[in-house]
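One structure is given here, and the rest of the page talks about it.
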Amino acid sequence: MLSTPFSTATSPCTSPPPPITTHQPPHSPETLASLITTSKTIKQLFQIHAAVIRHGFHNHPLVNFKLQRSYSSFNRLHQSLTLFNLTPNPNVFFYTSIIHSHTLHNLHLPGIKLYIQMISQDINPNEFTFSAVLKGCPLDSGKLIHPHVIKLGFDRNMHVRTALVDVYSRSGDLASALQLFDTMPERSLVSLTSMITGYTKHGDLVNARALFDAMTERDAVCWNVMIGGYAKYGKPTDALTLFRKMMRAKMNPDEVTLVVVLSACGQLGALESGRWIHSYLQNNGIHVHMNVHLGTALIDMYSKCGSLKDAQLVFNKLKNKDVIAYNSMITAYAMHGLSQEALVLFRSMCRMHTRPTDVSLIGILNACAHSGLVSIGKGVFLSMKVKHKTEPTIEHYGCMVNLLGRAGYVEQAYGLVKNMKVDPDPVIWGTLLDSCTLHRNVRLAEEIVKFLVDHNLANSGTYILLSNLYAATSDWAGVARMRTMMKDHRVYKEPGCSSIEVHNKVHEFVAGDMKHPNSEKIYMMLDEVNGWLKDHGYAPQTDIVLHDFGKKERARSLEVHSEKLAIAFGLISTEAGSTIKIVKNLRVCLDCHEVSKLISKITRRRIIVRDRNRFHLFEDGSCSCGDYW
DNA sequence: GTAGGGTTAG
């Protein structure tokens, strides 16, 4: 235990201060001030602070100021604030610095309170103060401070103006942001980046890209914003394309670039590209195990690309694991159906005094859902409030509804939805209807759909799910009714889409796709596969199709599900015996699941499919999900 | 002596 100058201000310091090598008289305020600035560890700072007190310089303005700043830079905001409060008549420097420290810790409201305190003490803020208080501050506070900026004439200052642009653009008031941006005395790289960030944060990638393309100079930060924008808004292919452009432009990627690119790789299931980044890190002397951001991004990428082993390797080597790193690994186990491993890791995380967050609990509940661990899941859910001090959110309820519904307790799940403290959302109704389909519970499904329609809560998913249920029970008249209703309400089914990465390139397929350059060969392969399946006595399952086709046509439409096209392409374009990895946007359908099992047996290939919810590893005729998904 | 833009988990 370190003795700090705060707890033992008058007790002797146990270790001597570092040797003094300047020609300043020993322990002059100037020497101490420069020692504070150069201290490398919090321990050194404590020692110097003790020396300051011993020599009676604790009221020296410069020394005091530097101590305040240093504590803050070592993440000791509390100590920094104590010093500030002990400072008699703090001037604008003290105020600006302590406000900035709060801002950096995302404590905007206390920062704004200090700003108000400063004004009430008749200390005039300057351009530095405004930059500090506006950085990252919420829109309503920003709007209150904006007139002060104008009144004191700092709105032409580059830093202050940029901070204002940032306040508005971050909060989505892009019109105000743009107005401030367009009337700037001059644009800077930073102000442009802030504007681009505003666009990307609100999904306007087109305007963001237009500004980005028009830039005359670019640094890593603005590349990161643009690439990250694509990654976040479901355009991972564009993110990777832009990243390659960045490399061609000889701009060195930094840690943030690689984190967002890894996220894009994960979304795409682009393992080869992800591995390339991992090698890049190793070749450039970046120690992944020392960097929790990159480590976590790699865990997430490997897990989403189906390489759980690699995710575990990175996780095990990772030093200073934080809750996000744990959550990534717990989620990885859950997605791969390894529920016990997820639970074990969760418990060991709690033992290491890392407090679980709502995401950890979502991970655990999903892990239970993927293995039908009903009573464990119920236990976790009930303990959330007491043990983990977390109020269940709609997402936790969603997990529980999924867990109960999948396991066959559909009525219990419905009861939970009716009695929960939060308003049900379309996702939770969808989950419930999905369970009705799985367990062929037409009566409850119709009751739910009637409720949704009566309360104006029905959406495209509602009709699709009920339609699937009618199809599953061969009620083709019901399917037809749904189709008419969907046409009347102009709702369309989200098209199924599967992708596969071959030789560093991602190929996408939608159902019945003929657009791929190798289409002819793919369909020939598919015919061959269908022949094998027939030889193995497989009859296509015709009950999950949405369309009211005749039996033969229904079989035909199943044959060309996007997933089968991707597998067929994988079979013709990868080495015999190698693993085929598919990523798809919807859940695996029953027929594709059966077919994948058989193909894995017939071709002796491992097939890994990542669907909307989890992984399926098909090997030698069976699936890692144990047919429970 | 004080200032503006970017990061990971569901």
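For the numbers below, each heavy atom of this structure counts, side chains included, while hydrogens, waters and symmetry mates do not. Here is the naming used below: chain letters follow the sequence lines, and residue numbers restart at 1 for every chain.
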When the distance from CG of A/N327 to C1' of B/dT7 is rounded to whole Å, what number comes out?
16 Å

May I ask you to say what A/R161 touches in the nucleic acid, namely base, sugar-phosphate or nothing, with a heavy-atom cut-off under 4.0 Å?
nothing

Interatomic distance, A/Q267 CD vs B/dA9 C1' [rounded to whole Å]:
13 Å

Where A/F84 and A/P90 come nearest, the two heavy atoms and their spacing
CE1-CB, 3.7 Å

Using a 4.0 Å heavy-atom cut-off, does A/N613 contact any base of the nucleic acid, only the sugar-phosphate backbone, or nothing at all?
nothing

Just to confirm, is there a sub-4.0 Å distance from OP1 or OP2 of B/dG4 to any side-chain nitrogen or oxygen of A/H100?
yes

Applying the 5.5 Å / 30° rule, does A/H159 stack onto the base of B/dG4?
no

What residues in residues 298-324 of chain A put a non-hydrogen atom under 4.0 Å from any atom of DNA chain B?
A/D300, A/K304, A/I324

Counting the atoms with a prime plus P, OP1 and OP2 as sugar-phosphate, which does A/S97 contact under 4.0 Å by heavy atoms, base, sugar-phosphate, or nothing?
nothing

When A/V422, A/N402, A/V417 are each screened for side-chain contact (heavy atoms from CB on, under 4.5 Å) with A/Y397, the one that passes is A/V422

When we call it a touch if two heavy atoms are under 4.0 Å apart, what does A/S328 touch: a base, just sugar-phosphate, or nothing?
sugar-phosphate

Ring geometry between A/H287 and A/H289 (parallel below 30°, tilted from 30 to 60°, perpendicular above 60°):
perpendicular

Are A/Y168 and A/F181 an aromatic pair by the rule of ring centers under 6.0 Å?
no

Take atom OH of A/Y326 and atom P of B/dT8, then tell me their distance rounded to the nearest Å.
21 Å

When rounded to whole Å, the CE to C1' distance for the pair A/M349 and B/dA9 reads 11 Å

Those residues that, when tested against A/R614, pass side-chain contact (heavy atoms from CB on, under 4.5 Å) (two or more places apart)
A/H370, A/D611, A/H616, A/C625, A/W629

Categorize A/H293 for me: base, sugar-phosphate, or nothing, with a 4.0 angstrom heavy-atom threshold over every strand shown.
base

Would A/F93 count as stacking on B/dG1 if stacking means ring centres less than 5.5 angstrom apart and planes tilted under 30 degrees?
yes

Look at the aromatic rings of A/H278 and A/Y302 and report parallel, tilted or perpendicular, splitting at 30° and 60°.
tilted

Checking A/S191 side chain against A/R187 main chain: does a donor-acceptor pair fall under 3.5 Å?
no

Below 4.0 angstrom from OP1 or OP2 of B/dG4, is there any side-chain N or O of A/K135?
yes

Ignoring hydrogens and geometry, is there a side-chain-to-backbone donor-acceptor pair from A/S97 to A/F93 under 3.5 Å?
no

Do the side chains of A/R209 and A/D238 get close enough for a salt bridge, i.e. N-O under 4.0 angstrom?
no

So A/Y95, base contact, sugar-phosphate only, or nothing? Heavy-atom distance under 4.0 Å.
nothing

Looking at DNA chain B, which of residues 180-195 of chain A put a heavy atom within less than 4.0 Å of it?
A/S188, A/L189, A/V190, A/T193

Is any N or O donor-acceptor pair between the side chain of A/T96 and the base of B/dT2 shorter than 3.5 Å?
yes

